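Some notes on the structure that comes next.
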Amino acid sequence: MRRTNSAPSRPRIATIWLGGCSGCHMSFVDLDEWLFELRRHADIVYGPLVDRKDFPEDVDAVLVEGSVTNTDNLELAHQLRARSKVVISFGDCAVTGNVTALRNLVGEPGEMVYRVYAEHPDRDGQMPSEVIPDLLPQALPLHHVVPVDLFLPGCPPPAPRIRDALTSLLGIDDTPHGIRFG
Amino acid sequence: MARPKRPNVPVVIDGHEVMAYPDDTVLSVAKRNGIRIPHLCALDGVSVYGGCRLCVVDVAERHKLMPACGTAVAEDMEVHTQSRTLQEHRKLILEMILAEGNHVCAVCVSNGACELQDLAVELGVDHVRPDYQFPRRTVDASHPKYTFDPNRCVLCTRCVRTCSEVEGAHVWDVAGRANGSYLIADLGQPWGEAPSCTWCGKCVAVCPTGALAWKGKAVGEMRHDPNLVAFLTSARDEGEWLDRETM
Amino acid sequence: MAKVIDLDDVAVQEAEARSRYRWRVKVCSSTACDASGAGPARRAVEHSVEEQGLEHDVQVVPTGCMGLCSAGPLVRAEPRGGQATMFQQVDPQVGADIVERHVVGREDLSQHQLDENLPFFTRQERVVLSNAGRIDPERIEDYVAEDGYRALVTALRMRPRGLIETIEASGLRGRGGAGYPTAKKWAMLHDAESDQKYVVANGDEGDPGAFMDRAVMEDDPHRVLEGVALAAYATGASKAFLYVRAEYPRAIKRLEQAIRTAKRQRLLGKNILESDFSLDVEIRTGAGAFVCGEETALLASIEGQRGQPRMRPPYPTERGLYGKPTMINNVETLANLPDIIRRGPEWFRGMGTRVSPGTKVFALAGSLQHSGLIEVPMGLTLGEIIEEIGGGCPNGRTFKAAQTGGPSGGCVPASFRDLPVDFESLRQAGSIMGSGGLIAMDDSVSMPEVARFYMDFSQDESCGKCAPCRVGTLEMHRLLERICAGAGTERDLALLEQLTRTVRETSLCGLGQSAPNPVASTLEHFRDEYTALLRNEPVGVAHG
């Protein structure tokens, strides 16, 4: 990946967690010591593993976990698209909706929330408070909301597959894991 | 009409000359010669359906694309199976099939051993462009031995044809039309109450996805056996009864 | 066994009976005029005739469609040996006036008189509809008096092969949509060797807005039966099915009655007109599926199976109904046969164009001064049909596009006014002839909205067998809804185009393959309207 002259020379990588279970990020952490290798080639500027509140400007590639399921996700989706060069749907929830989108089969989100909270025997009929963002009518794959450049399916995508994606993206010399013997 | 001892009809597939039997289809001769044409509804041992359209090929001098499963061979027929257009068509058709149902591999009994999942890899489908339909469909777990999950059904009718043509029971059929088409047991009864079902399990064996499965299987545990029908229908002629590995 | 009909005798008696009346008042009792009140109008005419004591002077004849449905109910008063007068928008009061003031008083009813010199009437050439609006469809005598069943007499003296040659010489092509040469189909069934062959009349006219075949079946049922008998004799079929959609109860009733009458007169059944030729004719009713107009789905439906197409080959002429060789002809095709046999193939070739001889019936509708059912020679230009026959768009609107061929067809822009309306020219313009629906649209219409309408129809009528049609039409409709609502993106448009190609090229049957045509043709000719919608700009002028 080539960077423009005015920008810092090291590629800036972000990860983000929308409507998902964090399993894809667990798989990312599963890269283990290769994360140090990644750190040698790129800066990880945003994500659940980085202490930063806002999605930064001028990101080179972002791994997006999870579907777009609430108003917060929707806002973030547009923001990350506007601020990133390469957007990667990271894992099945982002690619297909997957388990998160199973709620679409239940019907209106209100109906579902009521079923989960109010009708649940352990919850005393307590509904979630208003600080929780509103659910969208349907949980959607990321590319149905904003244009997506690359797709990394899997539930979760196994660490070697993430590594292959990042190495080819960053131009790191590495043996691809998909075609290795043994 | 008995088959001749050796295939005697020359056919050219993707530039390779292969010999076909007179009763071959493009798909069957390609298969025998190791030429892979993607397909989903086609199943050896039962009749041709031609519904999935994944096996469409280009036959020289025909002005339309032809499904390989239902196209009889002819002498010196020239077939192309891998043009860019064909690949684009197949890819989009598979995306449509994925968009139509609720195919959630992560929670499916057939995860890792699914023809639909494999086709997605083969055809390079890493995401689905058309809108997901998210249909509301109800699982039928009324049968003591098997489950039917219509969320995963692709309407290939392998089960319908196998039950009708091989088992002779005709439990399954398709009701409704257009995108409201759905599989029914007998006259739309719960499967467990369908009196014509013999519990033979052939429909489960041939299902390409996790729609029909054995009860008690968890995610990724189901193994289908689609070759069972071809074996049952040809084993006596081929003298294969003793060689068959059990499931 | 019943006595064989003497056609000459019946014709002479019928002419005599007619000549006893000084006036014949024909009241259109077709479905369209009935819907606008022809029933009460006819009763008013009859009542008035009675009241004036004119039962022996004035004969009231209920007829089929006179054509100009938009002006209905229509009545035509014909004095013996004099100039007939046509009346429009006949309510019971006008009906009584026609008898009391026009027939008795010889007054003009200028307000309700309809000029028969309108191009709508003069530019037509009626063959298939020659009896529609002129005879009482429920009386075989009326048909016989118009030379009915004479072609059958002639044909039975010919060899079947000779009959096929006559049709071949006429150049007749199937009127159901694709324009396949009729004689070729006949020859295939003729040459097929089988103990049983079938002929099927396709009267499953499912296109929205199309009612050509309905008119033929309702208004001239014996013409259809004669056509079926001719086709069966030429091909060696001994059993025929008339497949009529259930939405046409009147056509079914008339055909049933006509079959009974024809059998009694030995024009159908065993040893027709004392020849060796026997033909059993049976009606089968469709159950409301558009796809059953597709020939292999139609055959499945007759067999009592799920109405789904199957792959061809084998073609029905090789393996059709119950596995036996079968030929399917459209009702309008069959209705052309008696005249071709009677008047000869050269006469037929004298109408229309070289490759598309003869006439074509169109259901002319939409934004027009005059709409209804017309029959014109093939090759008339689009402009002649829309602007002359149809009288152009009303209320100062401008003609924008014509939709032909229904959900399988497309939209042709006004700039194609000089396009001859025949099978090949329409296909080249991105549409099809189809069965004959022709809808004129003015500048208030949004073309993507038209495409959305047809795609809604197709996604609902897909049989569900093959994936590209079952899912593709649904997805295309979704995209069109989004685009028409101003919420579409460039990616949506690109996907719509890719779906158009895939559904067209990979669907199993002709209906799936042609379902994207309304989208493809509007994209071809009106792409700017799609891109305007992407920018959320309005398309088409609002009605005002």
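Note that the coordinates shown come from a computational prediction; the quantities given were computed from them, not determined experimentally.
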What one should report as the nearest heavy-atom pair of C:P468 and B:C52 is CD-O, 4.3 Å
Do C:R310 and B:S47 come within less than 4.5 Å of each other through their side chains, counting heavy atoms only? no
Residue B:Y182 versus chain C: region with a heavy atom under 4.5 Å: neither
Measuring from B:L155:CG to C:C466:SG, what's the distance to the nearest 0.5 Å? 11.5 Å
Ranked by heavy-atom pairs below 4.5 Å to chain C, first place among B:V154, B:L92, B:L65, B:I93 goes to B:L92
Quick one: pull up CZ in B:R53 and CD in C:E505 and give me the separation to the nearest 0.5 Å. 12.0 Å
Say you draw a straight line from CE of B:M66 to CZ of C:R312; how long is it, rounded to the nearest 0.5 Å? 10.0 Å
If we ignore hydrogens and angles and just use 3.5 Å, is the side chain of B:R177 paired with the main-chain N or O of C:D460 as donor and acceptor? yes
If you count the non-hydrogen atoms of other residues, nucleotides and ligands that lie under 6.0 Å from CZ in C:R535, is the total more than 12? yes
Is any side-chain heavy atom of C:E475 closer than 4.5 Å to a side-chain heavy atom of B:R129? no
Between C:R306 and B:S181 the two heavy atoms that sit nearest each other are NH2-OG, 3.9 Å
Note, B:T85 side chain near C:R501 side chain (heavy atom, < 4.5 Å): no
Sort B:Q133 into side chain, backbone, both or neither according to what part of it lies under 4.5 angstrom from a heavy atom of chain C. both
Under 4.5 Å heavy-atom distance to chain B, tell me which part of C:R478 shows up: side chain, backbone, both or neither. side chain
Please flag which part of B:V174 lies under 4.5 Å from any non-hydrogen atom of chain C: side chain, backbone, both or neither. both
Let me know if C:L479 has heavy atoms under 4.5 Å from chain B in its side chain, its backbone, both or neither. neither
Measure distances from B:A175 to the heavy atoms of chain C and classify the residue's part below 4.5 Å as side chain, backbone, both or neither. backbone
From the list B:P130, B:A178, B:G51, the residue making the most non-hydrogen contacts under 4.5 Å with chain C is B:A178
B:D131 vs C:R482 side-chain heavy atoms within contact, under 4.5 Å: yes
What part of C:S458 gets within 4.5 angstrom of chain B, counting heavy atoms only: side chain, backbone, both, or neither? neither
With heavy-atom distances below 4.5 Å as the criterion, would you say the side chains of C:M311 and B:C69 are in contact? yes
Nearest 0.5 Å, what's the CD-NZ distance between C:Q498 and B:K91? 9.5 Å
Structural part of C:L508 lying under 4.5 Å from a heavy atom of chain B: both
With side chains defined as the heavy atoms from C-beta onward, is the minimum distance between B:E88 and C:T502 less than 4.5 Å? no
